Amino acid sequence: MSHEEFPTDAPAVVTCGLPYANGDLHVGHLRTYVGGDVFSRALETLGQQTAFVSGSDMHGTPVAVNAESEGVSPESFALEWHEIYKETFPKFNVDFDNYGHTHDETNTAITRSIVRTLEQEGYVYEKQIMVAYDPIDDQYLPDRYVEGTCPYCGEHARGDECDEGCQRHLEPGEIEDPISAISGNPAEYRERTHKFFEVSAFSEYLSDFLDGLEGTSNARNQPREWIESGLKDWCITRDMDWGIDYPGADASDESSSDREADGSSDLVLYVWVDAPIEYISSTKQYTDRIGPDVYDWEETWRGDGEIVHVIGRDIIQHHTIFWPAMLRGAGYTEPRAVMASGFVTLGGKGFSTSRNRAVWAEEYLEEGFHPDLLRYYLATNGGFQQDVDFSWEKFRDRVNNELVGTVGNFLYRSLLFAHRNYAGTPDASVSPEVESRIEEAIEAFTAGVNDYSIRDAGNAAVRLASFGNEYIQRNEPWKLTDDDPEQAAQVIFDCVQIAKAIAVLFAPIAPDRCAALWAQLGEDGSVHDVTVDAALVPPARSFDEPEELFEKIPDERVEELNEKLEARVAEATDDDTDDAPGEETETTDTTDMDDIEPLTTDRISFEEFQELDIRVGEIVSAAGIEGADKLAKLEVDIGLETRQIVAGIKQLHDLESLPGTRVVIVANLEKAELFGVESNGMLLAAGEKADILTTHGDAAPGTKIR
RNA sequence: AGCGGGAUGGGAUAGCCAGGAGAUUCCGCCGGGCUCAUAACCCGGAGAUCGGUAGUUCAAAUCUACCUCCCGCUACCA
C-alpha cells in the first residue's frame with residue numbers, strides 16, 4: 001500500500017512510546033521524545049493537521065513491586081513519576097498536545113471497549129494456566145512477583161525469565177521451588193483461567209501490513225521473523241490488582257468495585273494491552289479539550305488518519321505485531337508509520353543507570369544548557385534508527401561549529417548589518433538566486449519529513465545557513481554600502497530573507513531559539529503557526545538590534561562535566577562492589593584474550609593495580625551456553641558469595657571436569673552481558689587456549705590476591 | 001543459533017531502498033582570503049581501491065552469495 005505524501009488532507013497523529021513510570025529520564029530516553037516532537041512540528045510546518053500525544057505507562061508488575069517496596073500504593077507511586085515526566089518534557093520543548101496516563105478514565109474506558117470488541121469478534125479465548133500463589137498472604141504472583149529455580153539450568157530465576165542463568169523466558173508455572181518475591185513465603189501453583197488474544201489469526205494481515213508500513217526499516221523488517229516462524233497467541237490478563245480490570249462478560253460492569261463476581265474477577269489486563277491504547281485515549285482527550293471541529297480523534301483513529309508511532313527500537317514487536325492486530329481486530333485505523341529510534345550511548349558505551357553512568361535530563365538543564373542544543377544534537381547526529389553516541393566533547397563540537405559558527409553567526413552578522421545600515425530590512429525584493437536556494441531548502445525539508453528523517457529535515461536549515469555565509473561572503477555587502485548601495489541593499493535583503501526561512505525551517509528542531517529569531521525579525525505571531533510558505537514571504541521592514549542566538553560552550557566546561565561524570569561512576573561502582581549488585585548491564589567486552597604479543601610499555605601505578613580486586617575462587621558448576629560456540633557459564637565460589645561468570649572456554653575444556661577447580665578471578669570487573677547471560681567477574685586464563693590460572697598452594701576461596 | 005541494524009579518507013557521519021563520472025557533511029591537518037560577524041566566516045589543497053571474498057552487469061559503496069567483526073532483539077519485562 002502506498003501512501004500519499006505529507007501533507008495530506010487527513011488529520012495526523014504522532015505518538016511517542018509511553019515512558020514507564022518508575023524512574024528518572026536521561027538523555028537516552030529523550031531521543032525518542034525529541035524525535036517525535038520534531039517530527040510532529042515538522043508535519044505542522046508542512047501544513048499537516050497534527051496531534052502529538054503520549055502519556056505515562058502506569059501499570060505492570062514493576063510498578064507494583066517497586067511501590068510495594070516503598071510502602072506506597074502503585075497508583076501514587078506511578079502518579080509521582082507521571083507528574084515528573086509531565087513537567088520534564090516541556091522543559092525540552094517537547095510539547096505534547098495531550099499527555100495523559102494509562103490509569104485515567106479515558107484510557108480505562110477505551111481499553112475496556114476495545115477488549116470487549118475483540119471478545120465479541122471472537123478473538124479472545126480462555127485457557128487454563130498455572131499461576132503461582134502465596135497461600136499465606138492470599139495473593140497471586142504473576143511475572144516478577146515470584147522467584148524460584150529455573151527448570152532448565154537450575155539457577156535462581158524470576159518468574160518470567162531466568163534472569164541470572166540461561167535467560168530463557170519462563171512460562172507461568174514452569175519455575176520450581178517458587179517463593180513470593182514480596183513476602184518470601186513459599187508459593188504454590190494454582191490453576192487459573194486466563195484470557196488469550198488470538199494474534200495468530202492476524203498473521204496474513206500483519207504480513208501485508210508490514211509491506212506497506214512506512215517509517216524506519218528496522219520496524220518493517222524485525223517483526224517478520226515472528227510472523228514467519230508462526231505467531232503465538234498472547235496472554236492478555238494477569239492475576240493482580242494493579243491495572244485495568246478485565247471487562248466482565250456482561251456489558252453492565254461499571255467501575256472496578258465488582259471484582260469478586262466470577263472467574264475473571266481478579267484479572268487485570270496485561271499492561272501491554274492498555275499501554276498503546278493510551279495513544280488513542282490521549283488523542284481523544286485532546287479532542288475533548290479543544291473540540292472536534294479543531295481536531296477529531298475519531299477521524300484519525302477510526303477514519304483515514306495518518307498514524308505515526310515514534311518508539312525506541314526495543315519495543316518494535318509490540319508496535320508492529322500486537323498493536324496493529326488489536327487495532328485491526330477492534331476496527332480501528334492501522335498505523336501508517338513506525339519510527340524506531342536507535343539507542344543513545346555515552347562515550348561509546350551503554351547508559352547504566354545503576355552505575356549512574358548517564359546524563360540525566362534534569363542534570364542537563366541544571367548545567368545550564370539550552371534544550372534546543374540537545375534537541376539539535378539528538379535529532380541530527382545520525383539517522384533516526386542508528387545508534388547515536390553522546391559525549392560532552394561531541395556535543396560541544398557540534399554546538400560550537402554548527403549552531404554557533406554556521407547558523408548563529410550567519411544570522412547575527414546579517415541581521416546586525418541590516419539593523420545598523422537599514423534599521424531593519426532594506427528596500428528590495430528577493431533575488432532569483434536566493435529565492436531558488438530557499439525553495440531548494442524547502443524541498444529538502446519536505447523530502448526529509450516524507451522520508452521520516454528528522455535529520456534531513458533539520459539539516460535543510462543548517463545548509464541554508466551555510467549557503468547564507470557563503471553568499472554574504474561572496475557579495476561583501478560591507479564593501480558595497482558606499483560603492484553600490486542598491487546592490488548592498490539587495491544582498492542584505494536576501495540575507496534577511498534567508499534568516500526568515502531558517503526561522504521557519506529550523507523551528508521544529510530549535511523551537512525556542514527560532515521563536516526568538518522570529519521575534520527578532522520583527523515578525524508578528526508565532527513561527528510555530530506558520531507553514532513553509534512563510535519562508536518566502538517578504539520579511540518585516542524594521543527590527544531591533546539582534547542578539548546572539550547560540551552561545552559557545554567553553555572547553556573547560558567539557559572537562560568539568562567529564563570529571564563529574566567519572567567521579568559519579570566511580571562512586572556508584574565503589575558502592576556496589578561489596579554489596580547488592582546493580583541490575584543494569586553494560587555492553588563491554590570481556591572476551592579479549594591476550595595474544596602472545598609484545599609487552600605493554602605503559603606502566604601503571606601501584607594504586608591502579610590495587611584497584612583490581614582479584615580473588616581465589618572455586619568452580620562450583622560449569623555449563624555451556626546454548627547457542628554460543630565458546631561461552632560457558634560458571635558458578636564460582638569466592639568465599640563471600642558465589643558468582644556467575646561467563647568465560648570463553650566452552651570448547652577448550654571439558655566442562656564437566658571443572659567443578660572443584662581452584663581459579664583466579666577479577667571480582668570487581670564491571671558486569672557484562674554475554675549472549676544474554678550476565679557475567680559478574682572475569683576468569684583469568686592464559687592465551688588462546690584459555691589455560692586457566694590456579695593457585696600453587698591451597699588458598700581458600702575468597703582470598704585476595706596481591 | 002535465528003532475526004534486525006552497522007562496518008565508507010585520522011575521528012565522526014551521508015549516500016545504498018529507485019546501480020552510472022573514484023563519493024556527503026562536520027571536526028582535524030596544510031595553504032590562502034576577508035574583516036560585516038560569537039578568534040567567527042569564505043576559498044583552495046592533501047587524504048578512502050567505500051569490512052573481506054566470489055558473483056551479476058557495459059557499469060557496484062550501491063544488487064546477489066558466503067565470510068569476519070561490532071551492536072541489539074528473540075513474545076506473558078516495561
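In this text the structure is predicted, and so the values were computed from the model without any measurement. Just so you know, these numbers use all the heavy atoms, side chains as well, and skip hydrogens, waters and symmetry mates. Quick note on labels: first sequence line is chain A, next is B, and so on, each numbered from 1.
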Side-chain contact check for A:V404: nearest option of B:C36, B:G5, B:U38 is B:U38

What one-letter contact string describes nucleotides 23-31 of chain B from 5' to 3', where B marks a base within less than 4.0 Å of any protein heavy atom, S marks contact via sugar-phosphate atoms alone, and - marks no contact? --SSS----

Of the options A:V63, A:T61, A:V268, A:V271, which is the one that meets A:W242 in a side-chain contact (heavy atoms from CB on, under 4.5 Å)? A:V63

Within the structure, does a side-chain N or O atom of A:K552 lie under 4.0 Å from either OP1 or OP2 of B:A40? yes

For a quick test of reading the model: is some side-chain N or O of A:R420 closer than 4.0 Å to OP1 or OP2 of B:A37? yes

Just compare B:G2, B:U38, B:C34 and give me whichever is closest to any side-chain atom of A:F550. B:U38

With both distances kept under 3.5 Å, what pairs with B:G9, Watson-Crick or G-U wobble? none

Counting just side-chain N and O atoms, does A:N221 come under 4.0 Å of either OP1 or OP2 of B:G5? yes

Answer with yes or no whether the side chains of A:E402 and A:Y376 bring together a donor and an acceptor at under 3.5 Å. yes

Paired with B:A21: which nucleotide, if any, by Watson-Crick or G-U wobble criteria at under 3.5 Å for both distances? none

When we call it a touch if two heavy atoms are under 4.0 Å apart, what does A:N218 touch: a base, just sugar-phosphate, or nothing? sugar-phosphate

Between A:Q490 and A:N475, is there a side-chain donor-acceptor contact under 3.5 Å, judged purely by atom types and distance? no

When both hydrogen-bonding distances must be under 3.5 Å and the geometry is Watson-Crick or G-U wobble, what is B:A59 paired with, if anything? none

Among B:A14, B:C43, B:C36, which is the nearest nucleotide to the side chain of A:R413? B:C36

Please determine, for B:C50, whether a Watson-Crick or G-U wobble partner exists with both distances under 3.5 Å, and give it or none. none

Using only side-chain N and O atoms of A:Y412, determine if any of them is under 4.0 Å from OP1 or OP2 of B:U38. yes

Look at A:E470 together with A:R437 and state whether they make a salt bridge at an N to O cut-off of under 4.0 Å. no

Cation over ring, A:R313 on A:F384, under 6.0 Å and within 45°? no

Partner lookup for B:A14, please. Criteria are Watson-Crick or G-U wobble with both distances under 3.5 angstrom; report none if nothing qualifies. none

Mind telling me whether A:F322 and A:W234 have parallel, tilted or perpendicular rings, with 30° and 60° as the class edges? parallel

With A:F77, the side-chain contact (heavy atoms from CB on, under 4.5 Å) member among A:M58, A:E68, A:E70: A:E70

